[in-house]
Amino acid sequence: MHITRHAEARSVLDDAAYVPPPVRQDGAKGTLAWLRAQVSRFSTGEIHAGRRRALVELLAGLEPAELRRAAAAMTEERDGDWRGVPTAVLASALGVEDTATVSAAASGYLSGEESPQADAAVARLLTLADVSVITLLLQGHAATEGLIENALRHAKPGDDPWALLEETLRQDPPLRATRRLDTRTGETVTIDLVAANRDPDVFADAKRFDPARGPSPHLTFGSGIRPCPAPGHALALAAGVLDALLATSRPPRPR
Ligand code: HEM
């Protein structure tokens, strides 16, 4: 089933009968497959609740305003070369200084695509941090960079970074869909976040990109039982990068 309406998406995300599609549980210790079996994102019920609580506690120790300042300063220091900045700032706040392997591990983390490179990256990360910290780094990496990349496509001189990011999240989200398994029927449900965020019943003139719209009930950070626990942190990291880039109107360096 493919869900495109906002109300229907919310009711699936609110309903414990819909769970993330299960991941394999038999990966060798220290591999990407093993890691995926340890994390909140792919677990359900009490196990999910316990793992999520640990992440929420860790996140409570981070100050979003400080992340924003640090992301702006690092972007400045790197002369506008912002790739890797959100992850480096988040990692440093969590006590990890070496983030070279995060992107290699992050690419398979959500998709489940296994590779020797991803396994080596996970093994390296496990020497630097525990599973909770690694979860935060891998969850946040691609989505936050994707948000900045999309926002920069829409940015105009004088835009307020926060308003630009809010509307980017709604209208041009870095995560385009999320999936659930209906435990009663075995059916896989795809929630189309782009379509739900443009539902005309909820958003006036929904297709138009309008930073003046202000915060809106978009579903890009999820909803219901297991929404993103770090929307303020993600926005702060992205806003810090944009503070530096938009203030100087410096074109971002190519990758
Ligand atoms: C623009 C950036 C981000 C977006 C759009 C985003 C979006 C999401 C969404 C939609 C989910 C829920 C997935 C689902 O219900 O299927 C999620 C989960 C999660 N996100 Fe984010 N996220 C972002 C950045 C971050 C950052 C920076 C962190 C860490 C600091 C983070 C940590 C997590 C964690 C740990 C989960 C799993 C929660 C759980 O299992 O209960 N996210 N995120």
Side-chain angles (χ1 to χ4, degrees), residues 3 9-10 12-16 18-23 35-64 67-68 71 85-94 96 99 102 106 109-111 129 131-151 161-162 164-181 188-194 196-197 218-242:
I3 292 183
R10 286 194 59 184
V12 168
L13 293 169
D14 274 344
D15 185 344
Y18 292 93
V19 298
V23 299
L35 180 71
R36 280 164 49 90
Q38 310 305 309
V39 300
S40 152
R41 176 68 181 77
F42 305 110
S43 51
T44 55
E46 279 309 304
I47 294 182
H48 169 254
R51 290 174 175 173
R52 187 178 165 97
R53 264 196 303 277
L55 300 177
V56 169
E57 261 175 45
L58 259 178
L59 288 163
L62 306 182
E63 178 49 62
L67 297 176
R68 183 170 179 171
V85 167
T87 300
V89 168
L90 180 61
S92 175
L94 291 165
V96 179
T99 53
V102 168
Y109 173 81
L110 284 178
S111 69
V131 167
S132 295
V133 167
I134 295 172
T135 302
L136 294 179
L137 297 180
L138 298 189
Q139 275 286 155
H141 178 71
T144 309
E145 293 214 345
L147 172 60
I148 295 166
E149 194 175 304
N150 293 2
W162 206 267
L164 176 64
L165 289 168
E166 281 286 354
E167 181 64 342
T168 303
L169 283 163
R170 184 195 72 81
Q171 206 263 0
D172 190 7
L175 289 180
R176 322 271 311 167
T178 190
R179 285 189 306 142
R180 291 291 186 268
L181 176 77
T188 299
V189 176
T190 299
I191 299 168
D192 184 333
L193 297 172
V194 178
N197 286 350
H218 66 73
L219 297 178
T220 304
F221 285 123
S223 174
I225 299 170
R226 46 198 315 141
C228 182
H233 302 78
L235 273 164
L237 291 163
V241 169
L242 294 187

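In each ligand, atom 1 is the first atom listed, and ligand 1 is the first ligand listed.
- Protein heavy atom in closest approach to atom 4 (C) of ligand 1: Phe221 CE2, 3.4 Å.
- Of the N or O atoms in His48, one or more lie within a sub-3.5 Å distance of an N or O in ligand 1.
- Within the set Gln139, His218, His233, the minimum heavy-atom distance to atom 18 (C) of ligand 1 is found for Gln139.
- Counting heavy atoms closer than 4.0 Å to ligand 1, residue Leu90 contributes side-chain atoms (C-beta onward) but none from N, CA, C or O.
- Nearest heavy atoms, Leu94 versus Leu137: CD1-CD2, 4.1 Å.
- Looking at atom 12 (C) of ligand 1, its nearest protein heavy atom turns out to be Arg226 O, 3.5 Å.
- Taking atom 25 (C) of ligand 1 as the reference point, the nearest protein heavy-atom neighbour is Gly140 CA, 3.6 Å.
- Among protein heavy atoms, the minimum distance from atom 24 (C) of ligand 1 is reached at Ala234 CB, 3.6 Å.
- Residue Leu59 has at least one heavy-atom neighbour below 4.0 Å for each of these atoms of ligand 1: 30 (C).
- Taking NE2 of His48 as the reference point, atom CZ of Arg53 lies at 10.5 Å (rounded to 0.5 Å).
- Atoms of ligand 1 lying under 4.0 Å from any heavy atom of Thr220, numbered from 1 in the order shown and given with element: 5 (C), 7 (C), 10 (C).
- Summarising the geometry of Asp14 relative to Gly224, their closest heavy-atom pair is OD1-CA, 3.1 Å, with the distance given to 0.1 Å.
- Although no hydrogens or angles enter the test, the distance criterion places a donor-acceptor pair under 3.5 Å between the side chain of Arg226 and the main chain of Ser40.
- Contact record, Ala129 with Val96: CB-CG2, 3.8 Å, taken as the closest heavy-atom pair.
- Geometrically, ligand 1 and Arg52 share a nitrogen or oxygen pair separated by less than 3.5 Å.
- In this structure a side-chain-to-backbone donor-acceptor pair under 3.5 Å is present from His233 to Leu59.
- Here the shortest heavy-atom pairing between Ser223 and Leu13 reads O-CB, 3.5 Å.
- Near Leu147, meaning under 4.0 Å from any of its heavy atoms, are these atoms of ligand 1: 1 (C).
- The residue among Cys228, Ala230, Pro229 with a heavy atom at the shortest distance from atom 36 (C) of ligand 1 is Pro229.
- Residue-to-ligand polar distances place Arg41 within reach of ligand 1: an N/O pair is separated by less than 3.5 Å.
- The Leu136 neighbourhood of ligand 1 comprises atoms 29 (C), 35 (C), with distances under 4.0 Å to a heavy atom of that residue.
- Among Leu136, Val131, Val39, the single residue meeting the side chain to side chain contact (heavy atoms under 4.5 Å, CB included) criterion with Leu55 is Leu136.
- Here atom 40 (O) of ligand 1 lies nearest to Ser40 when heavy atoms of Gly222, Ser43, Ser40, Pro20 are compared.
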*asked:* Run the side chain to side chain contact (heavy atoms under 4.5 Å, CB included) test on Thr220 and Leu147 for me, step by step, so that the C-alpha distance in whole Å, both residues' side-chain angles and the decisive distance to 0.1 Å come before the verdict.
replied: CA-CA 10 Å; Thr220 304; Leu147 172 60; over 6 Å; no
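- The proximity of Thr178 to ligand 1, defined as any non-hydrogen pair under 4.0 Å, is limited to the side chain.
- Between Arg180 and ligand 1 there is a heavy-atom distance shorter than 4.0 Å.
- Annotation for Thr44 and Pro20: closest pair CG2-CD, 3.9 Å, computed over non-hydrogen atoms.
- Atoms of ligand 1 lying under 4.0 Å from at least one heavy atom of Ala143, given by number and element, are 1 (C), 2 (C), 3 (C), 4 (C), 23 (C).
- Taking all atoms of both residues into account, the shortest heavy-atom contact from Gly232 to Trp162 is O-CH2, 4.5 Å.
- Contact atoms of ligand 1 toward Leu55: 35 (C) (distance under 4.0 Å to a heavy atom of the residue).
- Here Phe42 contributes atom CZ and Ile47 contributes atom CD1; the two are 15.0 Å apart, rounded to the nearest 0.5 Å.
- Shown in contact with Thr144 at under 4.0 Å from a heavy atom are these atoms of ligand 1, numbered in order with element: 2 (C), 24 (C), 27 (C).
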